[in-house]
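For reference, the structure is listed below as structure tokens.
Note: hydrogens, waters and symmetry copies are ignored here, and every other heavy atom, side chains too, is used. Bear in mind that the values here come from a model prediction, so they are computed numbers and not experimental data.
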Amino acid sequence: MNKQLRSLVVLFLMMSGIHAQEYLYINNDDGISNAFKIGSIDSMTFVKPEGYTVKTILTDTVKITYPGEVDLINTGTYGAENAVYYKSLAGIADFRVVFDFRINQNCNEGNSNVTICQLSGADKNIRVMLKERAPSILMTTPYDKENTTCSQQIGFNSGFIVIDDKWNGVTYNRKMISTQPLVGNTAFQLWLKGNYAKTVELPDPKLLIARQDFLDNYRDLAVMVANDTFSIIRDGLDCDNVTTYNNGITSTIWSTSLKTADSTYKKISSLYEEIKTASAAGGALSDYGIDLMMMDLTLLQDCSGLLQFGKIKLVGYYYQQIDPSSRALGYYYDSFPVDIRLWKDESRHTVEMVRKSNDLYVAVDGQTTLFAAFGSATAVYIGGSSSMTGYITAKDIEIDLDHTGDALIKTIIGSTPVIVSSRTPQILGLMTHRTEDIYEGDTLSVSYNQSLSRLEDALTLLQQEGYTLYGTKELANFLNGSLKPAIKSAFILITDAPWRFNWNDQGVRSIYTQYGYPIIFGSILAIDEIDDNGTMLLDDIQSSRNMILAARGNNIDAISHTWSQDVYPPYKNALVLQWELYKIIDVCDSLCMNSVLYSYGPGCNSENHYSMLRRCGFIGSIGSGGFFGSYTNLSTNHYQICRGNIIGDKISWATVEKYIRF
């Protein structure tokens, strides 16, 4: 705001007889707010100056808001009052500083650490830094069983660091590292599927065993994207990426440049078609059974946007079930879809700092670090010179003085307190098994079920505490980032029992419906809807469909809780898992069930298995998080929403209260 305009506003306020100390926020045409202390305000109405709009007027507490986007580079000096954003916190008790940001550079190149913001105090600084982030091969299994190796994942040495930086400059104490990889969306997938599984039926165990020979012969096969070239190679190393294989001989199976003859980058869609055509033409590629699938709208993007990560193995060695008719497990070769990613990180990230009762909480993408008794914060700095902050764009900066805005501090049993706010959302997943029409204290038919009175007590407590409960559509939107939950939010999953029994028992049904909350039923389809021969129970199709539609009209939805639970899903062979996922979708469609979510984290957050979920059309899963994973940090978790079995009768009521009460 220029001096003349400011003088006019102050003159107007003085003439209006305003008395209480306050701030006025005015937006100019570029969308950036300025906050000016204007003296005394009780209540007022004034004419909007030409070219400006009033953003906020508060009468009790001070909230400074900078809407829109601004680059945190090339303006001011970091760590000084002329940083892009600087605010003195001297004499302020509780406060909150929060902003979203994105990174406008290749965040997977291995650049130096860059500071995003800093909170200064009398004895130390608190810095939020973007960590050095070079991609590398991650040699772990989708389910870590007996230290098995050879997974097809990219591991990214990336994330954010929150540190306390001693004033003497000697010690950097790292307090928290965000583990979410900073990578782009999937451009397409590549899968060394093998020629032994072209059927849509459940793969014959004999074919799966025969496939072992095929994969064993090519366990040094890898895909490589580097030096503007896409290649499928034999690298002479076993799938552990250490032991020599094939006498250490390296060779290129197939290769193509990411550029055209005139040195411009090809379209990603053109690269995809080129690989697909080469595979269809026969020869080496078709022998290796490469199967590709576009996953993103990349028609307008060129190959300069592909992440050039080096090498990913196409074959792994896993502890798994190879015979679907048996529960036997052993070590077998397998191959899962590999994601070919874009390098640019399009997702939003959030930094939130809250000081409450002399303690400081700092969260990056919802992962909170506590700095106890940090009561001497004097100023916050956001942004500065490009040498310090990199190409980072901040959005919607908010600074709350003498209060913490809508941020709450939630202590989960056995863990560090976390920030829960509209900008750092967390959601509580409450799960139980079949509800029985008895009162708590009576004998349950199965120990992990729950009594009718226990479920009603939990619903009553959720209502008293002001929770918003969500159903499957909202959970899917949380995962894709298009919707944020209420600050106090939860969902309830009733699982591991035929859902129709829960619905048809009128006593139990009344508890599900009288509160108006959405409830999710998870059904083991191979047990609930299919006979021993894998055929749908035709006599029950129409009645089941009618009940599911009736339940949906009463805010109750039905999803799959796995196909069968013969073997824990992470142990599933890739071809068997794909068949089961497609079968789930077929049955869900026939019964009008929801098939957007899969009620099990099939790989314990393995990229392998989530690639399979995306391939088959699921947006994500509701997975077992155990007691301490029942709260899901939705800022970074785009694959799985956690649920914990914490409202069954065998769980103490004190535990239930600890999770639900803030």
Side-chain angles (χ1 to χ4, degrees), residues 94 96 98 352 354-363 366-370 372 400 403-433 435 439-441 448-471 474-475 478 484-495 511-512 514-520 622 624-635 637 641-662:
D94 294 346
R96 172 181 180 244
V98 61
E352 187 160 10
V354 174
R355 189 175 72 191
K356 185 175 181 62
S357 301
N358 209 35
D359 290 333
L360 176 68
Y361 305 87
V362 181
Q367 301 192 45
T368 307
T369 299
L370 169 63
D400 296 276
H403 66 112
T404 60
D406 67 3
L408 302 171
I409 304 300
K410 170 67 175 177
T411 301
I412 303 172
I413 301 173
S415 67
T416 301
V418 298
I419 298 173
V420 184
S421 73
S422 58
R423 301 283 283 275
T424 304
Q426 312 269 346
I427 186 168
L428 173 62
L430 300 170
M431 189 204 77
T432 187
H433 295 76
T435 304
Y439 291 96
E440 186 171 358
Y448 49 73
N449 285 353
Q450 69 178 3
S451 60
L452 188 109
S453 57
R454 168 56 70 91
L455 177 59
E456 183 162 22
D457 286 344
L459 290 171
T460 300
L461 183 58
L462 288 165
Q463 186 181 65
Q464 291 172 347
E465 291 293 310
Y467 274 80
T468 300
L469 265 66
Y470 294 103
E474 291 84 3
L475 296 183
F478 297 154
K484 286 191 175 182
I487 295 176
K488 290 187 175 182
S489 61
F491 67 91
I492 292 180
L493 175 66
I494 314 294
T495 191
I511 302 302
Y512 293 145
Q514 69 176 270
Y515 285 85
Y517 283 146
I519 305 290
I520 304 170
I622 301 175
S624 174
F627 282 123
F628 308 124
S630 299
Y631 268 89
T632 301
N633 166 19
L634 293 173
S635 299
N637 193 330
I641 293 178
C642 295
R643 65 350 185 239
N645 184 22
I646 63 175
I647 52 177
D649 279 15
K650 71 175 183 178
I651 307 301
S652 73
W653 182 249
T655 299
V656 178
E657 287 188 305
K658 286 284 187 180
Y659 273 98
I660 295 178
R661 292 189 189 278
F662 273 83

Evaluate the side-chain proximity of [Y] to [X]: yes if any heavy-atom separation is below 4.5 Å, no if none is.
X: I646; Y: L428; value: yes
X: L459; Y: I511; value: yes
X: I641; Y: I427; value: yes
X: T411; Y: K658; value: no
X: H433; Y: T495; value: yes

Between D406 and S422, do the side chains contain an N or O donor and an N or O acceptor separated by less than 3.5 Å? yes

Between the side chains of S453 and E440, does any donor sit under 3.5 Å from an acceptor? no

Go through Q367 and V418 one step at a time and tell me if the side chain to side chain contact (heavy atoms under 4.5 Å, CB included) criterion holds. CA-CA 7 Å; Q367 301 192 45; V418 298; over 6 Å; no

Report the C-alpha separation of T435 and N449 in whole Å, then their side-chain angles, then the decisive distance to 0.1 Å, and conclude whether the side chain to side chain contact (heavy atoms under 4.5 Å, CB included) test is met. CA-CA 6 Å; T435 304; N449 285 353; over 6 Å; no

Minimum heavy-atom distance between [X] and [Y], given as atom pair plus value:
X: P518; Y: G471; value: CG-N, 3.8 Å
X: L462; Y: A490; value: CD2-CB, 4.3 Å
X: Y517; Y: Q463; value: OH-CA, 3.1 Å
X: F662; Y: I409; value: CD2-O, 4.4 Å
X: G466; Y: K488; value: O-CB, 3.9 Å
X: G366; Y: T424; value: CA-CG2, 3.3 Å

Run the side chain to side chain contact (heavy atoms under 4.5 Å, CB included) check on F491 and E474 step by step: do they pass? CA-CA 10 Å; F491 67 91; E474 291 84 3; over 6 Å; no

Sequence neighbours excluded, the answer for ring pair (Phe, Tyr, Trp, His ring centres under 6.0 Å) partners of Y467 is none

Under the ring pair (Phe, Tyr, Trp, His ring centres under 6.0 Å) test, which residues partner Y470, sequence neighbours left out? F478

Begin with the C-alpha distance, continue with both residues' side-chain angles, and end with the deciding distance and a verdict on side chain to side chain contact (heavy atoms under 4.5 Å, CB included) for R355 and Y361. CA-CA 6 Å; R355 189 175 72 191; Y361 305 87; over 6 Å; no

Distance in Å, [X] [atom1] paired with [Y] [atom2], rounded so as to fall on 0.5 Å steps:
X: I660; Y: Q464; atom1: CD1; atom2: CD; result: 10.0 Å
X: T368; Y: K410; atom1: OG1; atom2: NZ; result: 13.5 Å
X: I519; Y: I492; atom1: CD1; atom2: CD1; result: 4.5 Å
X: K650; Y: R454; atom1: NZ; atom2: CZ; result: 12.0 Å
X: T404; Y: I419; atom1: OG1; atom2: CD1; result: 9.5 Å
X: T432; Y: I647; atom1: OG1; atom2: CD1; result: 5.0 Å

Flag yes if more than 12 heavy atoms outside Y439 fall under 6.0 Å of its OH atom; otherwise flag no. no

Using a cut-off of 6.0 Å, state whether more than 12 heavy atoms not belonging to K356 lie near its atom NZ. no

Who are the salt bridge (charged side-chain N to carboxylate O under 4.0 Å, His left out) partners of D400, not counting sequence neighbours? K63, R96

